[in-house]
Amino acid sequence: MFWSRISGVYDLVENVYNGKTNRAVTDYVATLMEREDKVLECACGTGMFSVKIAPRAAELTATDFSDGMLKRTRKKCSKFSNVTVEHGDITALKYEDNVFDKAVAANVIHLLDDPKKAIDELRRVVKPGGTIIIPTYIHFNASVAANLFNRAGAGFKRHFDENTYKDFFEGLGITDVQYHISEGRMACDTAVFVNK
Ligand SMILES: C[S@@+](CC[C@H](N)C(=O)[O-])C[C@H]1O[C@@H](n2cnc3c(N)ncnc32)[C@H](O)[C@@H]1O
């Protein structure tokens, strides 16, 4: 699959081409964690967010549907005793209802045929009153790296900007959302909302 094929170069592109944004957004997401949190991360990729979340939370379950990506996350997170890395499809999570305090799904919503299904799954597994955190690159249709990824087969389904990202959540009936933009070559907009 595409993501396993490019897992070896993903960090190079993310750290070199878009390092400023990625440092800012991963640091921001880390600040949202609390010591007692049991956190689910979906579409963890190579573990770029996982390594920032793990030291700030009680437990992290990092998941992705690409074995190549999971191999990288497993390696990076081997120094943390509170991280479990496992296979998982964000649109069909294998967890019980109401088990996590927080869920993070970064840079995946724009890839999905049915993003509502993913959001419904996150809302199902996060406890009422828990927090759902969804950082997504915006304006990436203008980005060289994103165009290269897309030509190589990433299959982006939609391109967001600040306004269409808000419209997306409003269209799902989720209105009480905080947005935080991390600037850089390919900016990232983090949507944060409390699960009702
Ligand atoms: C652009 S990468 C983002 C990785 C990481 N979250 C980050 O921001 O660096 C997209 C990731 O989504 C994963 N992915 C795509 N569709 C998925 C699905 N349905 N379930 C789980 N992971 C998925 C891919 O395997 C890939 O690792």
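Atoms within a ligand are numbered from 1 in the order they appear, just like the ligands themselves.
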Notebook entry, point to check: Which atoms of ligand 1 sit under 4.0 Å from any heavy atom of M69?
Noted result: 27 (O)

Margin query: Can you confirm, on distance only, whether ligand 1 has an N/O atom lying under 3.5 Å from any N/O atom belonging to C42?
Written below: no

Next item on the list: Within a distance under 4.0 Å of any heavy atom of N107, pick out the atoms of ligand 1 and give their elements.
Entry: 1 (C), 2 (S), 3 (C), 8 (O), 10 (C)

Margin query: On a heavy-atom basis, which atom in L70 and which in A62 lie closest, and how many Å separate them?
Written below: CD2-O, 4.4 Å

Check: Mind checking whether V194 and I133 sit in one hydrophobic cluster, side chains of I, L, V, M, F, W, Y counted as touching below 4.5 Å?
Finding: no

Notebook entry, point to check: What are the atoms of ligand 1, with element, lying closer than 4.0 Å to any heavy atom of S66?
Noted result: 25 (O)

Margin query: I need the atoms of ligand 1 closer than 4.0 Å to a non-hydrogen atom of F49, numbered in the order shown.
Written below: 8 (O)

Margin query: Walk me through whether N22 and Y137 qualify under side-chain hydrogen bond (donor to acceptor under 3.5 Å, both in side chains).
Written below: CA-CA 10 Å; N22 289 327; Y137 293 128; 2.8 Å; yes

Check: Honestly, is K166 close enough over Y179, meaning NZ or CZ under 6.0 Å from the six-membered ring centre and within 45° of the axis?
Finding: yes

Note to self: Nearest 0.5 angstrom please: T46 OG1 to K71 NZ, how far?
What the structure shows: 13.5 Å

Notebook entry, point to check: Is the closest basic N to carboxylate O distance between K102 and E34 below 4.0 Å?
Noted result: yes

Notebook entry, point to check: In terms of atom number and element, which parts of ligand 1 are under 4.0 angstrom from non-hydrogen atoms of A106?
Noted result: 3 (C), 5 (C), 6 (N), 8 (O)

Note to self: As a quick check of understanding, evaluate side chain to side chain contact (heavy atoms under 4.5 Å, CB included) for T63 and C44, giving each step before the final call.
What the structure shows: CA-CA 6 Å; T63 66; C44 62; 5.7 Å; no

Notebook entry, point to check: How far is atom 6 (N) of ligand 1 from its nearest protein heavy atom, and which residue and atom is that?
Noted result: A43 O, 2.7 Å

Checklist line | Mode of L112 contact toward ligand 1 - side chain, backbone, both, neither (heavy atoms, under 4.0 Å) | finding: side chain

Next item on the list: Check step by step if side-chain hydrogen bond (donor to acceptor under 3.5 Å, both in side chains) holds for T26 and K52.
Entry: CA-CA 6 Å; T26 53; K52 298 282 186 77; 2.8 Å; yes

Margin query: Residue-level breakdown please: for A118 versus ligand 1, do any non-hydrogen atoms fall below 4.0 Å on the side chain, on the backbone, on both, or on neither?
Written below: neither

Next item on the list: Classify the contact between W3 and ligand 1 as side chain, backbone, both or neither, using a heavy-atom distance cut-off of under 4.0 Å.
Entry: side chain

Note to self: When you measure from the heavy atoms of Y137 to every atom of ligand 1, does any distance fall below 4.0 Å?
What the structure shows: no

Checklist line | Geometric class of the Y165/F168 ring pair [parallel <30°, tilted 30-60°, perpendicular >60°] | finding: parallel

Check: If you measure from each non-hydrogen atom of L111 to ligand 1, which part falls under 4.0 Å: side chain, backbone, both or neither?
Finding: side chain

Margin query: Could you tell me, atom by atom, which parts of ligand 1 come under 4.0 Å of a heavy atom of G88?
Written below: 20 (N), 21 (C)

